[in-house]
Enquirer: 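Supplied in structure tokens, the structure appears directly below.
Positions are given from 1, in the same order as the sequence printed here. Side chains are part of it too, since the values below use all heavy atoms of this structure and drop only hydrogens, waters and symmetry mates.
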Amino acid sequence: QAAMLLYTRRAWCASQRADRPQRRPFRDDESGQDEPYGDEARPTRPSIEHFAPHKTPFSFLPCTRGGTVLASAVKRSSSLNVPQARQVFLKRGGHGRRLLAAQKRDDRAHELGQLNGRAVLGLPSGQGRNLLLQPPLRGKRVMGIDPGYRTGCKVALVDETGKFLGGTTIYPHEPQKQWDEARGLLVSLITRGKVDVIAIGNGTASRETEALVAEVIAQARQGAYVIVNEAGASVYSASPLAREELPDMDVSMRGAVSIARRLQDPLAELVKIEPRSVGVGLYQHDVDQKKLAEALDAVVESVVNHVGVDLNTASPALLQYVSGINKRTAKAIVKYRDEHGPFKSRQELKKVKGIGEKAFQQAAGFLKIPDGENPLDNTFIHPESYPVVENLFALMGVRGDEPDLAQRVKAFRAENDLAELAEVLEVGLPTLTDILDNLIKPGRDPRDELPKPILRSDVLKMEDLREGMILEGTVRNVVDF
């Protein structure tokens with residue numbers, strides 16, 4: 001009733017304005033001719049009864065997408081459909097035509113924005129997947145450098161497992177210009193710390209720092225360097241997770257640690273950062289942020305399950321993206337691991353509080369245990385398929401712990417028809433194919449098949465280029481024009 005009263009008031013105001021000749025309402029009779037009503041037929045102030053469904057003397061048309069309505073004050077003897085109302089409204093004069101034209105432009109722009117938004121969402125999603133799938137640099141001691149001018153370059157050293165060993169700050173650039181002192185300090189750190197690779201953030205003063213590191217490597221005669229995308233490092237360094245992992249460290253130094261770890265295992269480090277802060281794509285701030293967050297979260301979850309997770313080393317930030325595991329159960333897994341030591345089998349995961357049968361069924365195939373009691377726990381083979389593997393070993397005449405098991409499985413696969421073998425083992429062909437692939441390459445990481453990071457030891461200048469040279473590079477971003 002309140003809405004009807006509002007419409008009634010607007011309609012009555014429109015009818016009062018109709019006293020003026022230039023705004024007199026028109027009648028659309030059956031002959032199709034529009035004639036103005038006479039004074040004797042002009043409606044008086046209407047009541048709610050006039051707005052019954054079977055008798056609607058006024059037509060309300062939208063003027064903007066925000067919901068503003070305009071009473072056209074058209075008296076009808078019968079109901080007025082939308083096309084008729086639009087035609088009558090257009091005949092009222094220039095105001096109606098301008099309003100409808102503006103409405104069309106507004107609707108068209110809104111629809112075009114939604115269409116472009118759906119198309120643009122694919123750019124950050126695709127690039128985010130490529131960024132997360134960067135190959136790790138395992139078994140290397142890394143020095144991370146977060147470049148800067150006035151505040152200096154933060155230097156952090158981490159061991160092969162990502163543990164922080166120490167750090168310092170150097171000031172080789174403007175305004176301090178302590179180039180020689182910074183070079184000598186880095187040479188000493190590389191030599192004493194037995195650094196294998198230096199990771200340089202690609203932010204401010206990155207090129208100048210790259211020249212310094214090239215001189216350091218030449219003087220120390222060891223190591224190499226890589227330019228690392230530092231997008232999101234500052235977001236992580238100020239996050240609660242960073243304060244929990246590195247509680248007694250300066251915020252800027254945490255950024256250098258993140259850069260070093262990002263080279264060792266990009267996926268494990270990037271999942272600690274909100275996906276929208278990773279900085280992929282050009283239009284990510286112009287699209288619907290809720291839809292963007294959902295798309296990027298889906299990409300992170302897909303990549304984590306595609307790569308797999310080491311159950312004994314993964315952080316809660318990484319475990320929460322595994323299928324069947326949420327933030328609460330991820331913390332419970334780490335807590336159980338801290339209290340009872342490393343997991344020895346996948347079945348032990350059922351002892352964790354919050355991991356039921358369904359959660360175990362969803363997560364077990366993506367959680368790996370490299371040094372577990374069962375070698376199959378280090379593969380993508382699900383525990384439900386372990387009996388099938390045992391029957392396969394029986395057909396092959398092996399125990400499953402032979403050093404040359406991968407070669408035997410490969411030869412057995414080449415000698416037998418997989419479709420017939422699947423019928424014998426009473427398993428689907430896709431499942432059998434996955435089982436054989438994992439037995440041939442146990443502990444396989446899909447990222448190992450991608451191009452490795454480009455390690456360099458000197459700075460390439462334009463003067464160094466020669467005709468016919470073939471150079472390697474890294475694509476940092478892709479923009480769809």
Enquirer: Sub-3.5 Å donor-acceptor pair from the side chain of Lys154 to the main-chain atoms of Thr151, do we have one?
Expert: yes
Enquirer: Please name the pair of heavy atoms, one in Ile435 and one in Ser385, separated by the smallest distance, quoted to 0.1 Å.
Expert: CD1-CB, 4.2 Å
Enquirer: About how many Å separate OG1 of Thr204 and CZ of Arg150, when rounded to the nearest 0.5 Å?
Expert: 11.5 Å
Enquirer: Out of curiosity, Ile198 CD1 to Ile259 CD1, how far, rounded to the nearest 0.5 Å?
Expert: 13.0 Å
Enquirer: Do Tyr321 and Ser302 have side-chain heavy atoms sitting under 4.5 Å apart?
Expert: no
Enquirer: Just how far is it from atom CD1 of Ile190 to atom CD of Gln219, taken to the nearest 0.5 Å?
Expert: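 CD of Gln219 is found 9.5 Å from CD1 of Ile190.
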Enquirer: Using a strict 4.0 Å threshold on nitrogen-to-oxygen distance, state whether Glu210 and Arg456 make a salt bridge.
Expert: yes
Enquirer: Do the non-hydrogen side-chain atoms of Leu212 and Ile170 ever get within less than 4.5 Å of each other?
Expert: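 Side-chain contact under 4.5 Å: yes.
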Enquirer: Would you indicate whether the side-chain heavy atoms of Arg207 and Pro147 approach each other to under 4.5 Å?
Expert: no
Enquirer: Looking only at atom types and distance, does a side-chain atom of Thr209 sit under 3.5 Å from a main-chain N or O of Ala205, one as donor and one as acceptor?
Expert: yes
Enquirer: Name the residue from Leu421, Val389, Val388 that meets the side chain to side chain contact (heavy atoms under 4.5 Å, CB included) definition with Val427.
Expert: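 Passing option: Val388.
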Enquirer: Check the surroundings of atom NZ in Lys272: do more than 12 heavy atoms from other residues, nucleotides or ligands lie under 6.0 Å from it?
Expert: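 Yes, NZ of Lys272 has more than 12 neighbouring heavy atoms, counting only those of other groups under 6.0 Å.
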Enquirer: On a heavy-atom basis, which atom in Met253 and which in Val155 lie closest, and how many Å separate them?
Expert: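 The answer is SD-O, 3.4 Å.
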Enquirer: So, for Gln222 and Val195, which heavy atoms are closest and what is the spacing to 0.1 Å?
Expert: NE2-O, 3.4 Å
Enquirer: For a quick test of reading the model, state the closest non-hydrogen atom pair linking Val251 to Ala238 and the distance between them.
Expert: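 Result for this residue pair: CG1-N, 4.3 Å.
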Enquirer: For Lys177, does the NZ atom sit with more than 12 other heavy atoms under 6.0 Å from it, leaving out its own atoms?
Expert: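 Open.
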Enquirer: Got a second to check how far Arg399's CZ is from Glu390's CD, nearest 0.5 Å?
Expert: 14.5 Å
Enquirer: Could you check Ile369 against Asp310 for side-chain contact (heavy atoms from CB on, under 4.5 Å), going step by step and ending with a plain yes or no?
Expert: CA-CA 6 Å; Ile369 305 176; Asp310 188 337; 5.8 Å; no
Enquirer: So do Pro136 and Arg447 actually touch side chain to side chain, heavy atoms under 4.5 Å?
Expert: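 Sidechains of Pro136 and Arg447: in contact.
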Enquirer: Does the pair Arg346 and Leu349 meet the rule for a side-chain contact (heavy atoms from CB on, under 4.5 Å), with working shown?
Expert: CA-CA 6 Å; Arg346 284 172 169 171; Leu349 188 65; 5.7 Å; no
Enquirer: Hey, is CG on Asp448 packed in by over 12 heavy atoms from elsewhere, all under 6.0 Å?
Expert: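 Atom CG in Asp448 is crowded, with more than 12 foreign heavy atoms closer than 6.0 Å.
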Enquirer: Run the salt-bridge test on Asp146 and Arg254 with the 4.0 Å N-O cut-off and return the result as yes or no.
Expert: no
Enquirer: If you apply the rule side-chain contact (heavy atoms from CB on, under 4.5 Å), what do you find for Phe360 with Gln347, and how did you get there?
Expert: CA-CA 9 Å; Phe360 176 81; Gln347 295 296 330; 3.9 Å; yes
Enquirer: Going by the ring pair (Phe, Tyr, Trp, His ring centres under 6.0 Å) test, which pairs reach into residues 376-422, not counting sequence neighbours?
Expert: none
Enquirer: Identify whether the distance between the nearest side-chain nitrogen and carboxylate oxygen of Arg408 and Asp404 falls below 4.0 Å.
Expert: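 Salt bridge present between Arg408 and Asp404.
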Enquirer: Would you say Arg192 and Ser188 are linked by a side-chain donor-acceptor pair, where the criterion is simply a distance under 3.5 Å?
Expert: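 Judged by distance alone, the side chains do pair up.
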Enquirer: Return yes if some donor-acceptor pair links the side-chain N/O of Arg141 with the main-chain N/O of Val197 below 3.5 Å, else return no.
Expert: no
Enquirer: Is it true that a side-chain atom of Arg337 and a backbone atom of Ala314 form a donor plus acceptor pair closer than 3.5 Å?
Expert: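 It does hold such a pair.
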Enquirer: Salt-bridged, Asp180 to Arg183, with N to O below 4.0 Å?
Expert: yes
Enquirer: Using the side chain to side chain contact (heavy atoms under 4.5 Å, CB included) rule, pick out the option among Leu319, Ile325, Leu267 that qualifies with Val309.
Expert: Leu319
Enquirer: Measure the CD1-OH distance between Ile273 and Tyr236 for me, rounded to the nearest 0.5 Å.
Expert: 8.5 Å
Enquirer: Would you say that more than 12 heavy atoms from the other residues, nucleotides or ligands in this model lie under 6.0 Å from the NZ of Lys194, or not?
Expert: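 No - once you tally the heavy atoms of other residues, nucleotides and ligands closer than 6.0 Å, there are 12 at most.
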Enquirer: Taking C-beta and beyond as the side chain, do Asn374 and Ser345 meet within less than 4.5 Å on heavy atoms?
Expert: no
Enquirer: Would you say Arg221 has more than 12 foreign heavy atoms packed within less than 6.0 Å of its CZ?
Expert: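 No, not enclosed.
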Enquirer: Checking Gln264 against Glu160: is there a side-chain donor and acceptor pair closer than 3.5 Å?
Expert: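 No, Gln264 and Glu160 have no side-chain donor paired with an acceptor closer than 3.5 Å.
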Enquirer: Looking at Glu339, I'd like to know if its CD atom is crowded, meaning that more than 12 non-hydrogen atoms belonging to other residues, nucleotides or ligands lie closer than 6.0 Å.
Expert: yes
Enquirer: So, the side chain of Arg262 versus the backbone of Asn229: is there a donor-acceptor pair under 3.5 Å, distance only?
Expert: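 Answer holds: yes.
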Enquirer: Answer with yes or no whether the side chains of Tyr336 and Glu348 bring together a donor and an acceptor at under 3.5 Å.
Expert: yes
Enquirer: We want to know whether Glu208 and Tyr149 form a side-chain donor-acceptor pair, criterion being a heavy-atom distance below 3.5 angstrom.
Expert: yes
Enquirer: Between Asp458 and Asp464, is the side-chain contact (heavy atoms from CB on, under 4.5 Å) condition met? List the steps.
Expert: CA-CA 11 Å; Asp458 58 350; Asp464 301 329; over 6 Å; no
Enquirer: Is any side-chain heavy atom of Thr433 closer than 4.5 Å to a side-chain heavy atom of Arg413?
Expert: yes
Enquirer: Side-chain contact, heavy-atom cut-off 4.5 Å: Asp196 with Met143?
Expert: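 No - every pair of side-chain heavy atoms lies 4.5 Å or more apart.
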Enquirer: Would you say Thr329 and Asn326 are linked by a side-chain donor-acceptor pair, where the criterion is simply a distance under 3.5 Å?
Expert: yes
Enquirer: Output yes when Asp437 and Lys410 qualify as a salt bridge under the 4.0 Å nitrogen-oxygen rule, no when they do not.
Expert: no
Enquirer: Locate the shortest heavy-atom distance separating Ser206 from Gly201; write the atom from each residue and the value.
Expert: OG-O, 3.1 Å
Enquirer: Roughly how far, to the nearest 0.5 Å, is OG of Ser323 from CD of Gln362?
Expert: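 That separation rounds to 4.5 Å.
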Enquirer: When you compare the side chain of Thr379 with that of Leu439, does any pair of heavy atoms fall below 4.5 Å?
Expert: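 In short, these two side chains do not touch, never coming nearer than 4.5 Å.
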Enquirer: Heavy atoms only: give me the nearest Val322-Ala363 pair and the separation to one decimal.
Expert: CG1-CB, 4.0 Å
